> 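After the structure tokens below, expect a handful of questions from me.
Given the structure is predicted, the values throughout are model-derived calculations rather than measurements. Quick note: numbers below take in every heavy atom, side chains included, and nothing from hydrogens, waters or symmetry partners.
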Amino acid sequence: MNSINSFFHLSENKTSFKTELLAGLTTFVSMSYILFVNPNVLGASGMNKGAVFTVTALAAAFTCIVMGLVANYPIASAPTLGLNAFFTYTVCLGMKVKWETALAAVFVASILFILLTVFKIREMIIDAIPADIKYAISAGIGLFIAFIGLQGGKLIQNSDSTLVTIGALTNPTVWITIFGLIVTIFLMIARVPGAIFIGMILAAIFGICIGQIPMPTSIVSSIPSIAPTFGQAIFHVSYINTIQMWIIVLTFLLVTFFDTTGTLIGLVQQAGLMKDNKMPRAGRALAADSSGMLVGSVLGTSPVGAFIESSTGIAVGGRTGLTAVWTGIFFLISMIFSPILSAFTTQVTAPALIIVGVLMAENLAHVHWTNLEVAIPCFLIVLGMPLTYSISDGLAWGIIVYPLSMIAAKKFKQITPMMWLLFVVFIIYFAVLNI
């Protein structure tokens, strides 16, 4: 136990083996939905759903464990939502690209991603972003994750006239979220250890009791083979030979780059691990992140990236890589215990996401709101992330406006060359996405 404490610096980070275990389990439960969502989304492209289920677990486990061991951060990764939908519905179904070729595009994008990491371009970007913008990114992610929770818990729903509106209380599944939210709020305010995780367990039990969550019919199941998808990305690299395919590669690269970079900044900020406005061990964290995308593409899945649900484990007290390692281990275990995971529906995990949104919104207090040249780009980031349903899009709004507002405030000299470069890159980013 002492060796684990020494390796992960548990005492220095004011945490313990037990806390890290609970944090890892909480993070895993919060993001376990990806094990079922990813096969359904990618399955629509023609991929074998069973293989994708196993690959999702393996890719997540690999990236989480590498992140924990190499970078010592409590940040978990898995195939990301949004990019898996882009993979299936835009690339495969919309552009009529075979899923094998689409995987090859992810593979090529991951190699470019690693090169950007090796040459420390991502690290330079993270260090160059002003402190106020970093706080806004963290708060924006908080609002985004709370919005996801409200949506998943059916407390809000889509509306043709107003985009979103309050959910219907006549829907019995809404009451699972309401019950879980009330319990979690009470436990959090009462400072009960593991409040978020306990809230999810009680919400799942409540859902089973009212008949809205089926009781698992079994405990274990066999692990599907990954043979149908393994290595297809490499076998089809030669198909990346048209302008259309290179645009697809660039899109995978840009969205993953800014989504995961923004997520890493926000989560490290939430955990209180930023030092002098810089992210310690940034190179290691980014290397772990980019290697996960490469391995995932070879195994057979859409881009892998840092998950904002990692914030639930951080809220429980996770502060080191041991949290991420535990999350990875739980992903490995999940391959045979998938029937039990069916009890943790989006309504069960929704309260955790909403509460975490509250905790991350605390970063708004650190933004200098009285300085309009800073306040406006920060506000656009915070507002943009949930409303565009994209971390990278919200980040782009703020980064593009930042140099313009600083010029208006006659603070031209305070704009670093990297911020000007990001200004240009994000304009290109929007141009690429709208081709």
> For the pair F307 and Y33, name the ring-plane relationship: parallel under 30°, tilted 30 to 60°, perpendicular over 60°.
tilted

> Are the side chains of Y239 and M245 in contact, using a 4.5 Å heavy-atom criterion?
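In short, these two side chains do not touch, never coming nearer than 4.5 Å.
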
> Within the side chain of T101, is there an N or O that forms a donor-acceptor pair under 3.5 Å with the backbone of V97?
no

> On a heavy-atom basis, which atom in G266 and which in I137 lie closest, and how many Å separate them?
N-CG2, 4.2 Å

> Looking at CD1 of I133 and CG of L380, how far apart are the two atoms once the value is rounded to the nearest 0.5 Å?
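So the CD1 of I133 and the CG of L380 are separated by 9.5 Å.
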
> For I166, does the CD1 atom sit with more than 12 other heavy atoms under 6.0 Å from it, leaving out its own atoms?
no

> Let me see the working for I240 and F107 under side-chain contact (heavy atoms from CB on, under 4.5 Å), right down to the final yes or no.
CA-CA 10 Å; I240 310 297; F107 176 73; over 6 Å; no

> Could you tell me if S77 and T63 have a donor-acceptor pair between their side chains, going purely by distance under 3.5 Å?
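Their side chains do not contain a donor-acceptor pair, so the 3.5 Å distance test is not met.
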
> For the side chain of N363 and the backbone of M360, is there at least one donor-acceptor N/O pair under 3.5 Å apart?
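Yes.
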
> T27 and S30: side-chain hydrogen bond (donor to acceptor under 3.5 Å, both in side chains), yes or no, with the steps?
CA-CA 5 Å; T27 295; S30 297; over 6 Å; no

> Consider only side-chain N and O atoms of T323 and E20, and report whether a donor and an acceptor are under 3.5 Å apart.
yes

> Distance-only, no hydrogens or angles: does the T19 side chain make a donor-acceptor pair with backbone N or O of T15 under 3.5 Å?
no

> Any chance the side chains of T80 and D259 put a donor and an acceptor closer than 3.5 Å?
no

> Is L58 close to F331 at the side-chain level, that is, under 4.5 Å between some pair of heavy atoms?
no

> Would you list the atom pairs, donor with acceptor, under 3.5 Å between side chains in residues 407-414 and any protein atom, with sequence neighbours excluded?
| unit_1 | atom_1 | unit_2 | atom_2 | d |
| --- | --- | --- | --- | --- |
| K411 | NZ | E373 | OE2 | 2.5 |

> Is the side chain of S138 donor-acceptor paired with the backbone N or O of Y135 at a distance under 3.5 Å, no angle test?
no

> Check the surroundings of atom CZ in F179: do more than 12 heavy atoms from other residues, nucleotides or ligands lie under 6.0 Å from it?
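Yes.
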
> Do T263 and T260 have side-chain atoms, one donor and one acceptor, less than 3.5 Å apart?
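No, because no side-chain N or O of T263 sits under 3.5 Å from a partner of the opposite role on T260.
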
> Which heavy atom in L103 sits nearest to a heavy atom in Q232, and how many Å separate them?
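Minimum heavy-atom separation between L103 and Q232: CD1-CB, 4.4 Å.
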
> First locate atom CD of Q244, then atom CE of M95, and finally report the distance between them rounded to the nearest 0.5 Å.
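So the CD of Q244 and the CE of M95 are separated by 5.5 Å.
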
> Any donor-acceptor pair under 3.5 Å linking the side chain of K134 with the backbone of I129?
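Yes.
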
> Could you go through the side-chain contact (heavy atoms from CB on, under 4.5 Å) check for W246 and V249 one step at a time?
CA-CA 5 Å; W246 279 106; V249 169; 4.1 Å; yes

> So, W369 side chain and L364 main chain: donor-acceptor pair closer than 3.5 Å or not?
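At least one qualifying donor-acceptor pair exists.
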
> Centre-to-centre under 6.0 Å for Y402 and F423, is that the case here?
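Distance test on ring centres: not under 6.0 Å, no.
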
> Should F430 and W397 count as side-chain neighbours, where that means a heavy-atom distance under 4.5 Å?
yes

> Looking only at heavy atoms, what is the nearest atom pair of G318 and P74, with distance?
O-CG, 3.8 Å

> Please tell me if the side chains of M47 and T301 come closer than 4.5 Å, counting only heavy atoms from C-beta onward.
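Side-chain contact under 4.5 Å: no.
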
> Measure the shortest side-chain to side-chain distance between L267 and L264 over non-hydrogen atoms and say whether it is less than 4.5 angstrom.
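When only atoms from C-beta onward are counted, L264 and L267 do not touch, as no gap falls below 4.5 Å.
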
> Nearest 0.5 Å, what's the OG1-CD1 distance between T312 and I145?
6.5 Å

> Do T251 and I247 have side-chain heavy atoms sitting under 4.5 Å apart?
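Yes - at least one pair of side-chain heavy atoms lies under 4.5 Å apart.
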
> Spell out, as yes or no, whether a donor-acceptor pair under 3.5 Å connects the side chain of S45 to the backbone of L42.
yes

> Determine yes or no for a side-chain-to-main-chain donor-acceptor pair under 3.5 angstrom, with N158 supplying the side chain and V164 the backbone.
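Absent.
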
> Where do Y389 and F144 land on the ring pair (Phe, Tyr, Trp, His ring centres under 6.0 Å) test, with the steps shown first?
CA-CA 7 Å; Y389 217 76; F144 183 27; 5.2 Å; yes

> Could you check if a side-chain atom of T229 sits within less than 4.5 angstrom of a side-chain atom of L299, using non-hydrogen atoms only?
no

> For the backbone of L169 and the side chain of W175, can you confirm whether one donor and one acceptor N or O come within less than 3.5 Å of each other?
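Answer holds: yes.
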
> Decide yes or no for N38 and F53: does some side-chain heavy atom of the first lie under 4.5 Å from some side-chain heavy atom of the second?
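No, side chains not in contact.
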
> How many angstroms lie between atom CG of D289 and atom OG1 of T256, to the nearest 0.5 angstrom?
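The distance works out to 9.0 Å.
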
> Quick one: pull up OG1 in T26 and CD1 in I314 and give me the separation to the nearest 0.5 Å.
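Between atom OG1 of T26 and atom CD1 of I314 there are 11.5 Å.
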
> With distance as the sole criterion, is a donor-acceptor pair present between the side chains of T177 and Q347 under 3.5 Å?
no

> Walk me through it: do S110 and F252 pass the test side-chain contact (heavy atoms from CB on, under 4.5 Å)?
CA-CA 9 Å; S110 68; F252 278 134; over 6 Å; no

> Could you report the tightest heavy-atom contact between G140 and M385, atom names first, then the distance?
C-SD, 3.6 Å

> Can you name the closest pair of heavy atoms from V237 and A233 and give their distance?
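Shortest heavy-atom separation between V237 and A233 comes out as CG2-O, 3.3 Å.
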
> Measuring from W326:CH2 to F28:CZ, what's the distance to the nearest 0.5 Å?
13.0 Å

> Under the criterion side-chain contact (heavy atoms from CB on, under 4.5 Å), I'd like the reasoning laid out for I141 against S311: C-alpha separation, chi angles, the key distance, then a yes or no.
CA-CA 10 Å; I141 290 174; S311 55; 6.0 Å; no

> Is it the case that the side chain of T346 and the backbone of G152 share a donor-acceptor pair, with hydrogens and angles ignored and the cut-off at 3.5 Å?
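Such a contact is found between T346 side chain and G152 backbone.
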
> Tell me the closest heavy-atom pair linking A195 and L187, and the distance in Å.
CB-CB, 3.5 Å

> Do we see a donor-acceptor contact under 3.5 Å between the side chains of T165 and Q157?
no

> Any luck finding a side-chain donor-acceptor pair between T388 and S390 under 3.5 Å?
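Per modelled atom types, T388 and S390 side chains form no pair under 3.5 Å.
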
